Structures are given as C-alpha cells and as structure tokens.
Amino acid sequence: MTDITSLKGIGEKTAGALSRLGISCVEELVTFYPRDYEEFPAPTEIYKLIPGTVGTVECVLGSPVSINRYNGMVIANVYISDMGGRLQISWYNMPYIRSSLKQGEHYVFRGRVYEKNGRRIMSQPKIYRAEDYKKGYQGRLMPVYRLCKGVNNRLIMKTAAEALRTPEALKLTEEFLPRNMIAENHLMAEPEAVRAMHFPKSREELFNARNRLSFDEFLLFMLLKRQRRELYQGQSSSYRCRPDIRILKLAAELPFELTKDQSSAFKDISRDLSSGKVMNRLLEGDVGSGKTIVAFLAMIYAGLCGYQSVIMAPTEVLARQHYESLTALLEGRGLGLKAVFLCGSMTRAEKEEAYSLIREQRAQLIIGTHALFQENVEYKSLGLVVTDEQHRFGVSQRETMKRKGGLPHMLLMSATPIPRTLSMILYGDMDVSVIKERPEGRLPIKNTVVGPEYRRNAYKFIYDEIKKGHRAYIVCPAIEREDEEEALEASGLGGDGAELCTVEEQAEKLRKLFPKEVRIGTLHGRMKAQEKEAAMAAFKEGLTDILISTTVIEVGVDVPEATVMMIENAERFGLSQLHQLRGRVGRGDAQSYCIMINTSRTEEAAERLGIIRASNDGFFIASEDLRLRGPGDLFGVRQSGELGFMVADIYRDETFLHLAEKAAEELMLKDAALSEPEHEGIARRLSAYMERSFYDV
C-alpha cells in the first residue's frame, strides 16, 4: 500500500483528516467513489424553478446588492426578473458579495430554491460568469464525495485525479476479466470504468462504468459463495443435537407466546441442529420481529446438548444487551448453563477470567463483539455461531470462528428485507427462515411526513412524550457543516428545502429550546468507539432523554422507553434505511411515532415518503423501492450499502446480478480451480477480495 502523503499537496494534517474517511493510502483513494454527482444543466426561466430543488438561472444584473441584518446574520440580497417572474437571491454572512457582483455583468446563479411568504428565494447560490458556466460546466457531471471536517470536495477531486495517474492505481485497476466475458456482457474496460466513476464525461459513460464495477462485485461475490458452498455444504457435523424436552419446556414458559413465524423458524433451526449435517441458515426478519429470542433458544438448545455457542454483535452496547437478556432468560431455570460476556474494552483481568471460563467450558453461552475472534479465545466445543446483523462482519472473521469451532453450525441474522427473487440468488447456498409477524402487544408505529414548518410542533410533541417518561431519537443526515460549499448551499432562513440539518447544530439549538431538565446527547461516526458506547448506554439507561444522531443508530439496542423517531431531511435517505431507523422505536408497550421531515417539494420525494408513511412492512417497502428506482437510476441515496457492496446495488442493478450469477456458474463449470491462464486475473482478484470482504457468503 502506498501512503497517501506520497501525493502532491497531502501533508500529515490533511492525511489525518482523510483517515477519518477511511483513506490512508493511494489505493483506498482510487476506490473512494463519489456518493453522488452534480449535474450542470442549461439555465432555466424563473417560473420553472421548483421549490426544494437546486435551480440554475441566468441574468444580466440590473440592480445593486443590498445588505440587511436579521437575527444576528448579515444578509446580502439581489433581485432578478425575467418574463416568467421575479427571484430573490440571498447569501448569509457573506457581505463581500456586494463588491463581487457588478451591475451590468452577465452571471449564472445556481442554488437551492424555496418559497417564503409567496416569494421565491434562491439560497446561497454559487456564482459563475455566464461565459465560464457555458464553456466549463454546462452539461458536465461533477463528483460529490462523502466529506468530513478538514476535507472538502475540491481536495478529493484534485487528489483523486492525481492518484488515478499513479502506478499503484494502474496496477489496482488493471483488467482481470477474460475478453470473452467482457464482450458477452457488454462491459466497459475496468481502468476506464474506475476513471469514469470519478470523472464521467456523460451520463452514459457513468452508467456504463457503474454497470461494470457492479458486475465485478457481483461476480466475485458469486464465486466466493460457490467456493464456500463446495467446501461446507452437506458436510457431516461433529455437533449433532439430540431431542431435549427442556428446550420445549423453556419455549412454552416464556413470558410471551412465540409468533407462528418465530415457532416455525425455531423448528427449522432445531431440525438442522439435529440433522447430523452442518447448518448454514439465514434468519431473515423485519425490524422488531423477534429474531433474537429465536437465536437465544438455538444457543440454549446447543448448550443443553453439551456444546458451546456464541453470538456476535456489531457494537458493545448491543452485545451487552444480548448478555443481559440471555442471563435473565436463564435465571431460575435450573438448566446448568452459564453465559459470559467478552468485549475489547474489558480489563485484562476481566478478559482472562472470560478466557478461562470459555477454555474450560464452564461457560456454554458466549456473547460479545469482534473480541470473540482473538487468538487468546480458545473454545473447547464450539457447536453454534450466531452473527447478529451479519453483513457487518467480514468473511475472514466468520472463517476464523469456523476454524475455532471445527466447522460449527452457522446461523446468520439479518434485518434487511430482500425480495424473494433476489434472496434466492444472494442466499441460494443457504437455507432461509423468514419472520414477518411482529410480537403480540407491540402497537404499529404511527407515521407522519411533514414539512419543516412542523418542527416546532414536533419538538412540543417530543417534550410531552418525555414528560410521560419516554425518550426520543432525532436523526440528521450529517454531523456538521462538512465544508464551506455545502454549508453555503444548505443554509437558509427556515424555508422548505433550504436547510441541511446536522447533529452538532441541532444539539446546540435544542439545548437552548428545551428546558434544562431535558437531557440531550449526541452520537455519530466520528466519535471514538468508547464515546459511542457511552452515548448509547446513557440513552438506554435513561440518563439522556433525546439522542441526536446520524444513522449509526440504524443497528442499535432495544430501548422500550423510546417512543419517538424524528428524521430530519428524510428525503435524503433510502426507503429501507428509513425503515431500519424507524425500527429503533416501537419496542415497548407504549404507542410509538415516526416523524419524517421532508424538506423537498418534489413529487418524487412525496411519492417515496408516502410509501414509508403508509406501511410498516419492510418487505413491501423494499419491493416498492425497487419499483420506484428502476435499473437506470443514477442519482440519489443508495440503500445504505446492502451486503456491504461499494458500488453495486442489489435492487438497482438486478440485471447485472443475474448476469454475474450466470457468468460465475459457467466459469466454475469450465475451470473451478481458476487455474487456466485466462483466469489468473480473476483468481488474484478473488484472493484479495476474500481478505477485505464484508459480503455475506
């Protein structure tokens, strides 16, 4: 790997900022693909501007810039007109605009448009000389990258362009597919595709580049999955469970009755565990459907049969919740089973005690995080491995667990609803159990989609819920103003579509707005692991009333007292992601609510959010999302990385998923060992893929 500081203009400070985005070497920068692309269309008439969207207008400036003050802000305004109407253009805290814009000069303004008191206002537009815009921007696609403090879009564009010219990039992107496979599937050459992902010359070129890289990801996924299937499917198990009346008695004595889907799933798992063959099963269930209790019953069944079992969670807080729940379930049952917790933040003495309990099998049920993979952890008789939110764990990590257990049974849990047609391809080598029913006693979440003018009412509603002893989440799409350009484009005076809500600004605002007794916490991905764990623990334990967060709470703990989920800029999220976020509430007996703030006035946003408002069924939402987006959708928010793919989207790119499946099947029939000269490139890429893969196999 080539250090990022080898690139011109990247010093230690900038390298440190880039590391927060997961970029530490040239190779990682090359594959740090844009999250979106900005189009530069021809200017339009004022009457065609749509509130809540970015518009482009052209004019010869006929009036000078005026300076006003409002709520401590300096506001620069200029007014332009055409045959179709009048437009107010405003900049905030930028008084120098007055000297920058000259009367009689020809300009193009591009910014977000909103309406206020019957006036159309363009907020914080970028300014171009008309001739420069038409020659250098119009018709182009500009990459828009994920950013963080200290890193702006211009920096990544510049360094990405330089990185693509390095020998490391050429080696990383060299063609690895046989010519016949490229021709048969009408694919772009890979080096060209990587370049076009960063700097597309047209929509068509971007479309072809994305298709090529999606095909690559799907192909490697399919090949790895087939190799694993050949290795593990149908193998005899050393951990065969025999019928035990105690597990049936425990299931019958639960303080709640299992749903039909839960009972059916547990029967499937019990049958696998007693079959004499290695289980490889996916337990797929909608958010809040009760997958965890099924997994607990499976672990206890294995324990009663003399085997150890582990459940791995992606966060320490979630793992600790599992430990507490499982311990409570065992208490007073007289089953002779002991649970132990293991995580990275434990003291050395605590870890040594846990290691001893596991090594000597004095603990049969082990709950933890990635610490379960460590070399110091020695299992005596590991018969069952359960992974919670399984796409968060890499292939190599799961392989480590298999080796530790001598081919244990594998149960993978997922809350990502996938339509059956796609599930059969992605999990064709696995048995699948699906839980759709919600446990009895949980009321359906009440959903509402409102404009930003409803915020004050929402805050009052949240305060009323807090006074009842409940808690609330507020989710924002960003942590802070990521760079000057985004801050300028996103700011405004409260008009719909004008604001980008951030965690830090919301926290500051709400601490002033709510009474002092309302305790407000924050949670986001830039916090250290221990800080994140502490923030989530405080919310769970009732030390925080409102948790303002990014989507890191998408996979979180059960907080029955949380009854309100408020999602800012809801139009910026994918439907499945909104559904996952909404699933953080509705976990107790009280009525829960999801308030989605739509800051866009486009018909597309209204239709998408109308689906999530009308249904709590994740499988229906996933299928509707597929219908709305279609295979040609280039822009907009992806589905939060289903299965961890960097570029590919199982919904949008379904056509290439089928093509890759067919190509993988033909390749394995022809050369399963990938030993022929024309397949050497695939073998090398597959080997590298295995080391860093986060995909499910």
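Values reported hereafter were calculated over all heavy atoms of this structure, with side chains retained and with hydrogens, waters and symmetry mates removed. Quick caveat: nothing in here was measured; it's all calculated off a predicted structure.
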- Task: Starting from the C-alpha separation in whole Å, work towards a yes-or-no answer on side chain to side chain contact (heavy atoms under 4.5 Å, CB included) for R281 and S433.
- Result: CA-CA 7 Å; R281 181 170 291 276; S433 296; 2.8 Å; yes
- Task: Take H409 and Y239 through the test side chain to side chain contact (heavy atoms under 4.5 Å, CB included) and record every step on the way to the result.
- Result: CA-CA 8 Å; H409 298 290; Y239 308 104; 4.0 Å; yes
- Message: Quick one, M279 with I269, criterion side chain to side chain contact (heavy atoms under 4.5 Å, CB included). Give me CA distance, side-chain angles, the key distance, then yes/no.
- Response: CA-CA 8 Å; M279 177 176 72; I269 295 167; 3.9 Å; yes
- Verdict with supporting geometry, I553 and V475, side chain to side chain contact (heavy atoms under 4.5 Å, CB included): CA-CA 9 Å; I553 61 160; V475 174; 3.6 Å; yes
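Here the two rings, on Y145 and Y33, have centers that are 6.0 Å apart or farther.
Side-chain N or O atoms of T159 include one that pairs as donor or acceptor with a backbone N or O of I156 at under 3.5 Å. When atom types are taken as modelled, the side chain of T544 and the backbone of L547 share no donor-acceptor pair closer than 3.5 angstrom. In this structure, Q308 contributes its side chain and A363 its backbone to a donor-acceptor pair below 3.5 Å. In terms of modelled atom types and a separation under 3.5 Å, the side chain of S270 and the main chain of K267 share no donor-acceptor contact. Formation of a donor-acceptor pair under 3.5 Å by the S274 side chain with backbone atoms of R271 is found in this model.
Taking both residues in full, the closest heavy atoms of L543 and R519 are given as O-CD, 3.4 Å, listed atom of the first, atom of the second, then distance. When all heavy atoms of M566 and I462 are compared, the pair lying nearest together is SD-CD1, 3.9 Å. Minimum interatomic distance between G583 and R587 (heavy atoms only, all atoms of both residues): O-NE, 2.9 Å. In terms of heavy-atom proximity, G290 sits nearest to I435 at O-CD1, 4.2 Å. Across all their heavy atoms, C594 and I445 have their closest contact at N-CG2, 3.8 Å. F341 and A354 make their closest contact through O-CB, 4.1 Å (heavy atoms, listed as atom of the first residue, atom of the second, distance).
With no hydrogens or angles considered, no side-chain donor-acceptor pair links S549 and H524 at under 3.5 Å. Donor-acceptor pairing under 3.5 Å is lacking for the side chains of E353 and S356. Checking T5 against D3 by side-chain atom types alone, a donor-acceptor pair falls below 3.5 Å. E28 and S24 form a side-chain donor-acceptor contact under 3.5 Å, judged by distance and modelled atom types alone. Donor-acceptor pairing under 3.5 Å is lacking for the side chains of Q530 and S345. With no hydrogens or angles considered, a side-chain donor-acceptor pair links E465 and T563 at under 3.5 Å. In summary, the side chains of E568 and Q506 do present a donor paired with an acceptor at a separation below 3.5 Å, with no hydrogens or angles considered. Between the side chains of H579 and D286, at least one donor-acceptor pair of N or O atoms lies under 3.5 Å.
Looking only at side-chain heavy atoms (C-beta outward), L254 and L329 come within less than 4.5 Å of each other. When side chains are defined from C-beta on, L250 counts as touching L335, because their heavy atoms get closer than 4.5 Å. Residues V386 and M299 are in side-chain contact: their nearest non-hydrogen atoms beyond the backbone lie under 4.5 Å apart. At a threshold of 4.5 Å between non-hydrogen side-chain atoms, the residues E284 and V432 count as touching. No side-chain heavy atom of V564 sits under 4.5 Å from any side-chain heavy atom of H470. Contact of the L326 side chain with the I300 side chain is registered, since non-hydrogen atoms from C-beta on lie closer than 4.5 Å. Looking only at side-chain heavy atoms (C-beta outward), I358 and V310 stay at 4.5 Å or farther from each other. Between T166 and T2 there is no side-chain heavy-atom pair separated by less than 4.5 Å.
In this structure, SG in C476 is found 9.0 Å from CD in E505, a value given to the nearest 0.5 Å. Atom CG of L330 sits about 6.0 Å away from atom CG of L337, to the nearest 0.5 Å. Once rounded to the nearest 0.5 Å, the distance linking CG of L578 with CZ of R582 reads 8.0 Å. Between F221 atom CZ and L686 atom CG the span is 12.5 Å, to the nearest 0.5 Å. Taken from CG in L147 to CG in L18, the straight-line distance is 10.5 Å, to the nearest 0.5 Å. Atom-to-atom distance recorded for L372:CG and T369:OG1 is 6.5 Å, nearest 0.5 angstrom.
More than 12 heavy-atom neighbours from other residues, nucleotides or ligands sit within 6.0 angstrom of CD on E360. Other residues, nucleotides and ligands contribute over 12 non-hydrogen atoms within 6.0 Å of the CD atom of E350. Counting heavy-atom neighbours within 6.0 Å of E253 CD, excluding the residue itself, gives a total above 12. Other residues, nucleotides and ligands contribute only 12 or fewer heavy atoms inside 6.0 Å of the NZ atom of K249. Under a cut-off of 6.0 angstrom, the local environment of NZ in K338 is sparse, with at most 12 non-hydrogen atoms contributed by other residues, nucleotides or ligands.
Ion pairing of E324 with R320 is absent here, as no side-chain N (NZ or NE/NH1/NH2) approaches a carboxylate O to less than 4.0 Å. Between D545 and R471, no side-chain nitrogen of the basic residue sits less than 4.0 Å from a carboxylate oxygen of the acidic one, so the salt-bridge criterion is not met. The pair K171-E168 does not count as a salt bridge, with every side-chain nitrogen at least 4.0 angstrom from each carboxylate oxygen.
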